[in-house]
There are 2 protein chains.
Amino acid sequence: MEARHLRYALALAEHGHFGRAARALGIAQPPLSKQIADLERETGARLFDRTRRGVFPTAAGEAFLARARRALQEMTAATVDAGRAARGETGRLRLGFIASALLAPLPDVLGRFGRERPDVRLELHEMASSRSASALIAGELDVAVTLGPPRGAGAEHLVSVPIGHDHLIAVVSSAHPYAGQESVTLDQLRRRPLIVAAGEDEPAVTAGLRTLLGEDSPALIGATFARDVHTIIGLAACGVGVGLGPSRMLSAPRPGVRFCEVTPRTALPDLILSFTDEDRSPALGAFLDTVRRNCPDVGAALDRRLSHA
Amino acid sequence: MEARHLRYALALAEHGHFGRAARALGIAQPPLSKQIADLERETGARLFDRTRRGVFPTAAGEAFLARARRALQEMTAATVDAGRAARGETGRLRLGFIASALLAPLPDVLGRFGRERPDVRLELHEMASSRSASALIAGELDVAVTLGPPRGAGAEHLVSVPIGHDHLIAVVSSAHPYAGQESVTLDQLRRRPLIVAAGEDEPAVTAGLRTLLGEDSPALIGATFARDVHTIIGLAACGVGVGLGPSRMLSAPRPGVRFCEVTPRTALPDLILSFTDEDRSPALGAFLDTVRRNCPDVGAALDRRLSHA
DNA sequence: GAGCGGCGATACCTGTTGTGTATGGGGAGG
DNA sequence: CCTCCCCATACACAACAGGTATCGCCGCTC
């Protein structure tokens, strides 16, 4: 049985007349008679009553037609759904990211993507950069935002572009002596208890601070370690010490704290957007489009990475 | 798009390999490649990723396959449902009947039919015989049980067989003087207040009683009229008088009442089973089969009526 | 009642197309 | 570098969907 038989049966039921149904189908009457006869032979049941006043479905015909309608609806829906999925309008996007990326630029990008593609199911997984990388390579994620480029076996197959440049800034309570300053010097940092990050991703950051402030700086030795940037800011607000973190903390202003630049300006590892370029899903393509439109410079980098790929 | 494309796409997704899928489908590999290519061109989306390790559906392919599976299920279900409907295993049977037919023989027949054809939706409409007849002719009923053969315009196109022979019996309270008797005579009836039927169908019955008992019998003039047999029995139980009704009342025994034959035995109009013979629905055919098996004599009459039709 | 017209079924032919065979191209593994 | 595996392409054929002509049947009308 083919879809043609269903279409013909439905047309016949609708018009109640072989000749008119055939004309509506754009074929001649004899082929329609034959196809209906074939269908009745295959189903083993008479589906239509041919009377002088018209052609009417039998009880078996009614049962058949109800299913036929749904079958054809499913078939057209199949094409529609495939098209939507291919254009990235539906589907699933699994995103791994480090928590601090939620300060910036993820809120903008995710908000925009959610509005542009309301039918894409976003699966958001906060995880350390190293786990994001291995999950990407294992095919468990579609895209990831990591601190620095992903490393490890298979990372060479990933496409990575910087999505945010950060430098080191300080955060202090409004009551803190540094609160009025535009910037703080390294010497000033060395004289105060510090609050620094201690997540899975942070050994490199901490090492960078050691080099910056001096290997055995008492401020670092007596530092408070926090698992995420919000804790750093919170502790700074309590006056525990001088918080140090990425400049994207500026996206999380909070009453009672002030941010200061650190002099000299010190670069931190970039936020990196990574994905596997083979088998790129349409939803990922749509996401990259959104990123492209949201951050022109990232878009340009993307185009460079994808053109020679 | 034809059902073939769906079957091929599903087979390809299942086997993940053009060659093996083609073998499973009983065709060669190139035709499968061509059909899949045609399908992808028609949907406008690449549905499968051809990799060295196998063929896998894309996101669009997954969306398509989900719909394709349902479409094919509907198609096979269409054939199954049509067959079931054609055999009268499903569908609808609209039965019109007079209330007293519920005493006998409808309970047996309906009970058996309900067990044998649990998926046929029974629509039961209690109505007067004349309304049953016109509803049958108008195509609003499939079958009817009436008191006497249906009359009126179009009734000649109906097939009718007697489904029960009844004669007049009396019903009295256990305390009634006649309660101990096997039978009562017409004279005895004339000496007591009577309770007789007064439904839409009953003028003929009442007329029969007049002839039987005498035109101006005081028992009839002072009779109590009841709309249905259960009321007749109930009034008799209260000692209002001697109830008169069809012998199928014997199927409704009740504490506190006794039934007596009436001497001489007096025939009443038969219960008649009628249906339209043209466009006989499978459910009706199944119902007639049940009747045939339940009442052999009715079956024989049916066969006689249908053979020469 | 005979002729007529409408409708579906049948017979036969034609053109499309689904399928088979043979072959090409491209990547992975030895 | 060769070989194998796999999918795509090329081409021929056969099956079948569809077109044309016609038949059989029934109801209608003159």
Side-chain angles (χ1 to χ4, degrees), chain A residues 1-43 45-58 60-61 68 72 75 154 156-157 276-279 309, chain B residues 1-58 60-61 68 72 75 154 156-157 277-279 309:
Chain A
M1 189 192 313
E2 288 295 336
R4 178 185 52 255
H5 295 113
L6 310 188
R7 286 189 282 265
Y8 288 6
L10 286 173
L12 180 56
E14 186 185 345
H15 291 90
H17 189 285
F18 273 81
R20 279 190 280 280
R23 205 168 331 128
L25 289 167
I27 64 173
Q29 170 260 317
L32 177 58
S33 287
K34 182 183 185 308
Q35 294 297 319
I36 296 293
D38 289 347
L39 179 60
E40 287 181 325
R41 187 172 36 73
E42 182 169 352
T43 58
R46 193 152 192 81
L47 301 179
F48 291 95
D49 262 332
R50 286 83 160 165
T51 76
R52 351 253 161 278
R53 288 179 312 286
V55 180
F56 304 97
T58 62
L72 289 179
M75 284 185 64
E156 62 276 11
H157 297 126
T276 64
D277 198 25
E278 56 184 20
D279 295 353
Chain B
M1 191 193 311
E2 288 297 336
R4 180 185 51 255
H5 295 112
L6 309 189
R7 286 189 282 266
Y8 287 6
L10 286 173
L12 180 56
E14 186 185 345
H15 292 90
H17 189 285
F18 274 79
R20 278 190 282 278
R23 208 172 323 132
L25 288 167
I27 65 172
Q29 170 259 318
L32 178 58
S33 286
K34 181 183 186 309
Q35 294 297 320
I36 296 293
D38 289 348
L39 180 61
E40 289 181 326
R41 187 171 37 73
E42 183 169 352
T43 57
R46 192 154 193 80
L47 300 178
F48 292 95
D49 262 331
R50 286 83 159 164
T51 75
R52 353 253 159 277
R53 290 180 309 286
V55 180
F56 303 97
T58 62
L72 290 179
M75 285 185 64
E156 62 275 12
H157 296 127
D277 198 26
E278 56 184 20
D279 296 353

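Reminder, nothing fancy here: chain letters follow the sequence lines and each chain counts from 1.
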Main-chain N/O of [Y] paired with [X] side-chain donor or acceptor, under 3.5 Å:
{"X": "Arg20(B)", "Y": "Phe18(B)", "result": "no"}
{"X": "Glu2(B)", "Y": "Ala3(A)", "result": "yes"}
{"X": "His15(B)", "Y": "Ala11(B)", "result": "yes"}
{"X": "Glu40(A)", "Y": "Phe48(A)", "result": "yes"}
{"X": "Glu42(A)", "Y": "Met1(A)", "result": "yes"}

Specify the separation, in whole Å, of atom [atom1] of [X] and atom [atom2] of [N].
{"X": "Glu2(A)", "N": "dA17(D)", "atom1": "CD", "atom2": "P", "answer": "9 Å"}
{"X": "Ile36(A)", "N": "dA17(D)", "atom1": "CD1", "atom2": "C1'", "answer": "14 Å"}
{"X": "Arg41(A)", "N": "dA9(C)", "atom1": "CZ", "atom2": "C1'", "answer": "15 Å"}
{"X": "Asp38(B)", "N": "dT16(C)", "atom1": "CG", "atom2": "C1'", "answer": "13 Å"}
{"X": "Leu39(A)", "N": "dG8(C)", "atom1": "CG", "atom2": "C1'", "answer": "17 Å"}
{"X": "Arg53(B)", "N": "dC6(D)", "atom1": "CZ", "atom2": "C1'", "answer": "14 Å"}
{"X": "Asp49(A)", "N": "dC26(D)", "atom1": "CG", "atom2": "P", "answer": "15 Å"}
{"X": "Lys34(A)", "N": "dC12(C)", "atom1": "NZ", "atom2": "P", "answer": "14 Å"}

What are the residues of residues 8-26 of chain A, sorted by number, that bring a heavy atom to within less than 4.0 Å of DNA chain D?
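Within residues 8-26 of chain A, the residues near DNA chain D are Tyr8(A), Gly26(A).
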Ignoring hydrogens, what is the shortest heavy-atom contact between Thr58(B) and Arg46(B)? Give both atom names and the distance.
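Between these two residues, the closest heavy atoms are OG1-O, 2.8 Å.
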Do Leu39(B) and Tyr8(B) come within less than 4.5 Å of each other through their side chains, counting heavy atoms only?
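The answer is no; the side chains never approach within 4.5 Å.
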Answer whether the closest heavy-atom distance between the side chains of Ser33(B) and Gln29(B) falls below 4.5 Å.
yes
Output yes when at least one side-chain N/O atom of Ser33(B) is less than 4.0 Å from OP1 or OP2 of dA8(D), else no.
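So the side chain of Ser33(B) is within the cut-off, an N or O lying under 4.0 Å from OP1 or OP2 of dA8(D).
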Under the salt bridge (Lys or Arg N to Asp or Glu O under 4.0 Å) rule, collect the residues that match up with Arg4(B), sequence neighbours excluded.
none
What are the atom names and distances for every N/O pair under 3.5 Å that joins the protein to nucleotides 21-27 of chain C?
{"from": "dG27(C)", "atom 1": "O3'", "to": "Arg52(B)", "atom 2": "NE", "distance (Å)": "3.3"}

What's the closest nucleotide to the Ile27(B) side chain, out of dC7(D), dG18(C), dG20(C)?
dG20(C)
